[in-house]
2 protein chains.
Amino acid sequence: MSKIVRMKDIAAMANVSMGTVDRVIHNRGRVSADAQKKVMDVLEQINYKPNLIARTLSSSRNYRVAALLPDAELDPFWRSSIQGIQQAHSEHSQFGITISYHFFDPYSGDSFRQQAHDALESGPDGILLAPTLRQEALDFAGICREQQIPLVCFNTYIHELAPLAFIGQDLHQSGRLAAELMTMIAAPGTILVTHIGEQVQNSAHIGAKETGFREFVREKGSSHFEVNTVQLESPSRSGFKASLAQALETHPHTKGIYVTTSKAYEIARSLEELGKTDIRLIGYDLIDENLTHLRNGTINLLINQNSDRQGFLGISYLTDHLVFQKPIPTLQYLPLSIVTRENLNSYITSQEVN
Amino acid sequence: MSKIVRMKDIAAMANVSMGTVDRVIHNRGRVSADAQKKVMDVLEQINYKPNLIARTLSSSRNYRVAALLPDAELDPFWRSSIQGIQQAHSEHSQFGITISYHFFDPYSGDSFRQQAHDALESGPDGILLAPTLRQEALDFAGICREQQIPLVCFNTYIHELAPLAFIGQDLHQSGRLAAELMTMIAAPGTILVTHIGEQVQNSAHIGAKETGFREFVREKGSSHFEVNTVQLESPSRSGFKASLAQALETHPHTKGIYVTTSKAYEIARSLEELGKTDIRLIGYDLIDENLTHLRNGTINLLINQNSDRQGFLGISYLTDHLVFQKPIPTLQYLPLSIVTRENLNSYITSQEVN
DNA sequence: TTGTATGCGTTATCAT
DNA sequence: ATGATAACGCATACAA
């Protein structure tokens with residue numbers, strides 16, 4: 001039973017005062033080389049673990065973190081991220097964390113710059129960012145680095161950002177998984193890949209899922225499946241349906257559609273209206289619009305990006321870093337969760353509490 | 001910006017001392033009805049949230065929790081539970097939690113009683129239990145209740161235990177999910193259900209997975225699939241293979257096997273030795289023995305019981321209850337995770353840290 | 001450069 | 001029954 005060593009103990013062992021110990025531990029300077037050495041020697045021998053409880057109580061600082069992410073009104077996908085952030089916040093508010101929210105239009109550079117500016121104005125001690133726009137995010141990350149503000153990113157992986165931590169999904173592997181699942185459940189024939197609601201411009205990562213998907217099919221299913229990419233962007237609902245119908249005519253043997261974004265429900269609606277029931281549909285994310293079609297069977301599988309957990313972990317990591325000065329993972333890939341009608345509830349139910 | 005209220009503030013508002021406030025909040029008695037009322041009145045009006053940081057620092061109590069679960073040497077399934085427990089412990093050790101481990105033979109009542117006795121001897125403030133044996137667990141839970149020791153259970157749901165919290169999987173729904181997946185990936189024909197390594201005696205829950213499985217097939221796949229239950233227990237390896245071969249002869253149209261326990265690797269080994277490659281195999285849990293066969297394709301899907309998370313949450317809940325006196329969920333169902341070759345890594349990789 | 005003293009919010013131990 | 005006061009371990013401001 002090794003007793004816990006406190007700063008007081010270290011001070012005694014080194015024949016100095018607590019103040020000196022504090023100064024060398026946090027290297028605040030103003031210590032003589034002599035004292036420095038004495039304390040270091042002791043630290044080498046013993047295993048000092050600061051009492052984080054006492055530390056936070058004492059230095060009752062308040063930390064401001066700015067959350068910079070797309071407006072859920074413009075894309076429902078982000079709702080759950082926000083929920084995760086709020087969840088983490090309520091659990092950590094004890095530690096003096098306050099969060100300011102800055103929502104931007106995920107496709108507008110101007111909007112992003114405006115909100116990013118506001119975020120910096122709030123004088124944050126840390127920033128949580130969903131970097132949907134590559135170039136804008138890079139510029140912003142540069143400023144954060146200059147100002148020495150810790151930056152944690154989630155959802156969209158951009159290597160050059162080099163944030164303190166990234167939390168998200170391995171998109172290439174995600175594509176491979178989608179292909180594996182599709183080849184399990186679809187009859188041999190044509191598979192369509194479509195990126196609805198994403199802008200290919202200014203998004204280097206956009207192709208990762210498709211690349212992974214095609215890679216898997218090439219390795220394991222090339223004799224049974226043919227993969228085609230189709231663009232299905234259209235402003236109007238009826239226009240969308242028409243262009244889908246058009247695509248299905250061009251590829252008459254279509255047995256499956258893989259939607260790389262959270263917009264599978266758009267396809268589902270159109271498929272239902274077109275009366276096509278023999279096409280397997282795989283998409284992303286547990287947003288309400290998708291769940292309806294997962295429940296009625298038009299969508300066969302959803303891959304969950306766990307965006308609530310992304311938000312939750314983002315805030316958790318920032319508080320770990322800021323208040324506890326704990327090491328945090330540089331890269332945190334979340335599980336590639338497969339969701340069907342039968343395990344859906346296990347992913348969305350909240351529990352009773354006593 | 002509502003300021004945080006402290007006990008000192010309450011004391012001032014109620015015209016009493018902090019000591020009195022402390023006594024009514026924790027109803028330690030020794031307060032006059034008059035003072036009691038004054039404090040209560042204040043508490044009604046304001047929203048006092050105790051500072052848990054300060055509380056833990058001050059009271060610096062040590063809590064002992066006893067973990068009572070099967071020996072991983074006897075069943076590798078329990079390895080990850082232990083890992084989860086240790087993980088939670090290392091994260092919470094700051095709060096003065098110490099854990100004593102008591103491993104028993106999951107099929108021996110004597111072994112259980114012995115270890116349970118030891119666990120109680122250690123004078124624990126809380127107990128984490130994997131109740132594999134129904135009757136023994138009920139007896140033990142009775143003692144815990146008598147001695148007022150908080151009990152948290154995981155993995156095996158036994159309703160009458162009525163613990164502070166249960167953490168695990170919805171087994172009936174788990175069976176439904178397995179059936180859904182099986183009907184997705186197997187050709188029409190016979191599906192075998194088998195419970196390897198479980199004793200039906202003294203385990204009321206054992207049938208839940210099979211019931212769920214059959215229920216789903218009845219609802220959605222009765223025209224294409226026939227379900228048969230087979231017993232495949234055998235002490236020796238070659239004996240096991242022989243009885244499997246026997247079962248496959250009895251059911252020549254077998255297209256899939258559903259193993260309700262973590263022993264799917266036993267089937268996989270035998271199938272490989274028998275050279276049968278056209279049978280889909282679905283099992284449970286990411287133990288190493290299973291992963292080998294998931295990677296080489298003999299096992300098609302595994303449902304993950306997340307037993308590491310079960311252990312983790314069990315300890316987390318106990319510390320929340322003991323040190324923070326926070327409310328905890330009575331029933332915590334974990335996700336029914338579907339694991340394939342392509343998303344396996346996302347479930348088992350640990351991350352680098354800076 | 002160094003050491004001491006005070007405070008963080010709570011619990012626990014004293015005298016009253 | 002009540003109120004003052006010393007811990008808990010660390011940070012910080014200030015005195016030496």
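In what follows, chains carry the letters A, B, and so on, assigned in the order in which the sequence lines appear, proteins first and then strands, with residues in each chain numbered from 1.
When the C1' atom of D:dT2 is taken as reference, atom CE of B:Met7 falls 14 Å away, rounded to whole Å. Here the P atom of nucleotide C:dT10 and the CZ atom of B:Arg6 are 8 Å apart, to the nearest Å. The CG atom of B:Asn51 sits 8 Å away from the C1' atom of C:dC8 (whole-angstrom rounding). Between A:Lys49 atom NZ and D:dC10 atom C1' there is a gap of 17 Å when expressed in whole angstrom units. Following rounding to the nearest Å, A:Leu52 (CG) and D:dA11 (P) show an atom-to-atom distance of 9 Å. One interatomic measurement links the two molecules: NZ of A:Lys8 to P of D:dC8, which rounds to 6 Å at whole-angstrom precision. Straight-line distance from the CD1 atom of A:Ile10 to the P atom of C:dT2: 17 Å, rounded to whole Å. With rounding to whole Å, A:Leu57 atom CG is found 12 Å from C:dT11 atom P.
With sequence neighbours excluded, no residue satisfies ring pair (Phe, Tyr, Trp, His ring centres under 6.0 Å) with A:Tyr48.
In the interface, the side chain of B:Ser58 is paired with the base of C:dT10 through a donor and an acceptor atom under 3.5 Å apart.
With the end axes of the helix from C:dG3-D:dC14 to C:dT16-D:dA1 each set by five pairs, the angle from one to the other reads 50° at 10° resolution.
The stretch residues 15-39 of chain B comes close to DNA chain C through B:Met18, B:Asp22, B:His26, B:Arg28, each having a heavy atom under 4.0 Å from the strand.
Screening B:Asp125, B:Leu120, B:Val65, B:Leu164 for a side-chain contact (heavy atoms from CB on, under 4.5 Å) with B:Ile149, the sole residue that qualifies is B:Leu120.
B:Leu68 places a side-chain heavy atom less than 4.5 Å from the side chain of B:Phe140.
No more than 12 heavy-atom neighbours from other residues, nucleotides or ligands sit within 6.0 angstrom of CZ on A:Arg64. Residue B:Glu73 places its CD atom among 12 or fewer non-hydrogen atoms of other residues, nucleotides or ligands, all under 6.0 Å distant.
Not one side-chain nitrogen or oxygen of B:Tyr48 sits closer than 4.0 Å to the OP1 or OP2 atom of C:dG9.
The closest side-chain donor-acceptor pair between A:Thr98 and A:Asn62, if any, does not fall under 3.5 angstrom. Judged purely by distance below 3.5 Å, without hydrogens or angles, the side chains of B:Ser80 and B:Ser307 pair a donor atom with an acceptor atom. Looking at A:Asp41 and A:Gln45, their side chains never bring a donor and an acceptor atom within 3.5 Å of each other.
A donor-acceptor distance shorter than 3.5 angstrom exists from the side chain of A:Gln310 to the backbone of A:Gln305, with no hydrogens or angles considered.
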